[in-house]
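Read the numbers this way: they start at 1 and go in the same order the structure lists the ligands and their atoms. Just so it is clear, the structure is predicted and the values come from calculations on it, not from any experiment. We use all heavy atoms of the structure for the numbers below, so side chains are in, but hydrogens, waters and symmetry mates are not.
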Amino acid sequence: MNSLPAPYKDDVRIAVIGGTGLKELPGFTQVGSLDILTPWGKPSSPIAILRHKCSTTGKDVFIAFLSRHGLHHEIAPHEVPSRANIAALRWIGVRTIVAFSAVGSLKEEIKPRDFVVPDQVIDRTKGIRPFTFFEGGAVVHVGFADPFDEGVAKVVRACGHSLEGDGVVLHDRGLLVCMEGPQFSTRAESNLYRSWGGSVINMSCLPESKLAREAEIAYQMICMSTDYDCWHAAEEDVTVEIVMENMKANAVNARRFLSAVLDTLSIDAHADLVNARHLKGSMKFGISTPVAQWKPEIKENLNWLYPGYFE
Ligand SMILES: CSC[C@H]1O[C@H](OP(=O)(O)O)[C@H](O)[C@@H]1O
Ligand SMILES: Nc1ncnc2[nH]cnc12
């Protein structure tokens, strides 16, 4: 497909990427489903377009939803087609992503079912996941000192705190370790990450957040702790069963949290943030190889992603 259906063309600025235990967003009305083929292949799932009535303004807003591991959790963390996911979302107009992730806790005080808004990441993936749009003769470097979007994070924190007392416990900041998987960590690794100051661990933040930065999309992950990994002497070592049990038990809170975030991001005062005006054009400053030197097929792919940038 090469153009968006008219009802929501130019209207979809915010996307949610759902992870383990969050394959769909119940409570939102699905008004469309898009199968998009990008130059980097097909996304993990069709992109659902959901209508959301903003409880503050009463206005309808359209939200894109993508299931990171596919509709049946058939895609392993190292197989997630992150380039296709991020490219497809940008192509339909998305400029802000709120990504959900089930994480292991590396700190006593982050209890299972607590939420964490991470502000830093340590990359423990193994270089086997495609992690950039710029290759094959087109070299571009973008800044990644702060891997998440502080503007979106502020909104997320405020929404999380507004639900405190209603069962939501929120940690404002955290160091996320993103490991390769799909096997969980050894006890030695888990203790090593704790010694580095790690707060939580998952397998999915990278390269997703790096690609979002290249695509000039404001990206913030919301983590929900599901287990104590394998470092805690008094708690069971992580299993999928423990992860799913806690995700299921806290699904209502995750949904309420997300609804509040979408409501708040949808108000007019956040239009610049949600349109990621602060990131617009930023990757043009990182170009090392003159565009005239780019191979035609690479230029064509990059023009698909950034229309009008490299004519
Ligand atoms: C099923 S436990 C490991 C799995 O859970 C997390 O998924 P996501 O980040 O997509 O919510 C973690 O990153 C692993 O992929
Ligand atoms: N302990 C853990 N390690 C990596 N990813 C996870 N996702 C949920 N729990 C996890």
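Between His73 and ligand 1, no N or O atom pair is found at a separation short of 3.5 Å.
Side chain to side chain, His278 and Asp272 fail the donor-acceptor criterion of an N or O pair below 3.5 Å. In this structure, a donor-acceptor pair under 3.5 Å is absent between the side chains of His69 and Glu79.
Here is the list of ligand 1 atoms found below 4.0 Å of a heavy atom in Met203: 12 (C), 13 (O), 14 (C), 15 (O). Of all atoms in ligand 1, numbered sequentially from 1 with element shown, those under 4.0 Å from a heavy atom of Asn202 are 13 (O). Interface of Arg68 with ligand 1, defined as ligand atoms under 4.0 Å from a residue heavy atom, comprises 8 (P), 9 (O), 10 (O), 11 (O). Less than 4.0 angstrom separates some heavy atom of Gly19 from each of these atoms of ligand 1: 10 (O), 11 (O).
Of all protein heavy atoms, the one lying nearest to atom 15 (O) of ligand 1 is Pro77 CG, 3.4 Å. At the top of the distance list for atom 5 (O) of ligand 1, counting protein heavy atoms only, stands Thr20 OG1, 2.9 Å. Closest to atom 2 (S) of ligand 1, if we only count protein heavy atoms, is Phe184 CZ, 3.8 Å. Summary of contacts: the protein heavy atom closest to atom 9 (O) of ligand 1 is Ser204 OG, 2.4 Å.
Between Tyr228 and Trp231, the ring planes lie perpendicular to each other; the angle is over 60°, past the 30° to 60° tilted range. Ring geometry for Phe115 against Phe257 counts as perpendicular: the plane angle is over 60°, on a 0 to 90° scale with 30° as the lower cut. In this pair, Trp304 and Trp40 present their aromatic rings perpendicular. The plane angle is above 60°, beyond the 30 to 60° band.
No side-chain donor-acceptor contact under 3.5 Å links Ser190 to the backbone of Thr186. Not a single donor-acceptor pair under 3.5 Å links the side chain of Ser45 to the backbone N or O of Gly70.
Distances from atom 10 (O) of ligand 1 to the heavy atoms of Met224, Met247, His69 put His69 nearest.
Each side chain to side chain donor-acceptor pair (under 3.5 Å) pair with one or both residues in residues 114-138, not counting sequence neighbours, appears once here: Arg83-Glu135, Asp114-His171, Asp119-Arg173, Gln120-Asp146, Asp123-Thr125, Asp123-Lys210, Arg124-Tyr193, Arg129-Glu180, Thr132-Glu214.
Residues Leu273 and Thr96 approach most closely at O-OG1, 3.6 Å, considering heavy atoms.
Heavy atoms from both the backbone and the side chain of Ser101 come within less than 4.0 Å of ligand 1.
In the hydrophobic clustering of this structure, Leu192 groups with Phe184; members are Ile, Leu, Val, Met, Phe, Trp, Tyr whose side-chain heavy atoms approach within less than 4.5 Å, directly or through other members. Linking Ile, Leu, Val, Met, Phe, Trp and Tyr whenever their side-chain heavy atoms come within less than 4.5 Å puts Ile47 and Val94 in one cluster.
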N/O contact list for ligand 2, threshold under 3.5 Å:
from: ligand 2; atom 1: 1 (N); to: Asp227; atom 2: OD1; distance (Å): 2.9
from: ligand 2; atom 1: 1 (N); to: Asp229; atom 2: OD1; distance (Å): 2.8
from: ligand 2; atom 1: 7 (N); to: Ala102; atom 2: O; distance (Å): 2.9
from: ligand 2; atom 1: 9 (N); to: Gly104; atom 2: N; distance (Å): 3.2
from: ligand 2; atom 1: 9 (N); to: Asp227; atom 2: OD2; distance (Å): 2.6

